[in-house]
Amino acid sequence: MTMPSYQIFNMIFGGFAPLAAVSLSAAVGGHYWPAAAMLMLISAIGIWCTLRLHSLAAPSLPATDSVTNTVKANA
């Protein structure tokens, strides 16, 4: 099951992307490069956010022994 907020924001921002691409293309006389630049910028932001996820994640919990329920020593 996906989160409703994901679906709502995907509908809002994903729905306006083609409109923005056509508007950018029309603004420069029918060239496609502004739409391509917009897609590259959005992709770069997505990659940057994905790379930042690791540094923002909570630290891992230590491994425990399932039999004695004690923390395992570093192997």
Result block: side-chain N/O donor-acceptor pairs under 3.5 angstrom for residues 12-25, not counting sequence neighbours:
| unit_1 | atom_1 | unit_2 | atom_2 | d |
| --- | --- | --- | --- | --- |
| Ser23 | OG | Leu19 | O | 2.9 |
| Ser25 | OG | His31 | O | 3.0 |

Report summary line: Hits for side chain to side chain contact (heavy atoms under 4.5 Å, CB included) against Ile45, two or more places apart or cross-chain, chain-then-number order -> Leu41, Cys49

Query - Distance in Å, Trp33 CH2 paired with Met38 CE, rounded so as to fall on 0.5 Å steps - result: 12.5 Å

Query raised in the report: If you measure from CH2 on Trp48 to CG on Leu53, what distance do you get to the nearest 0.5 Å?
Result: 10.0 Å

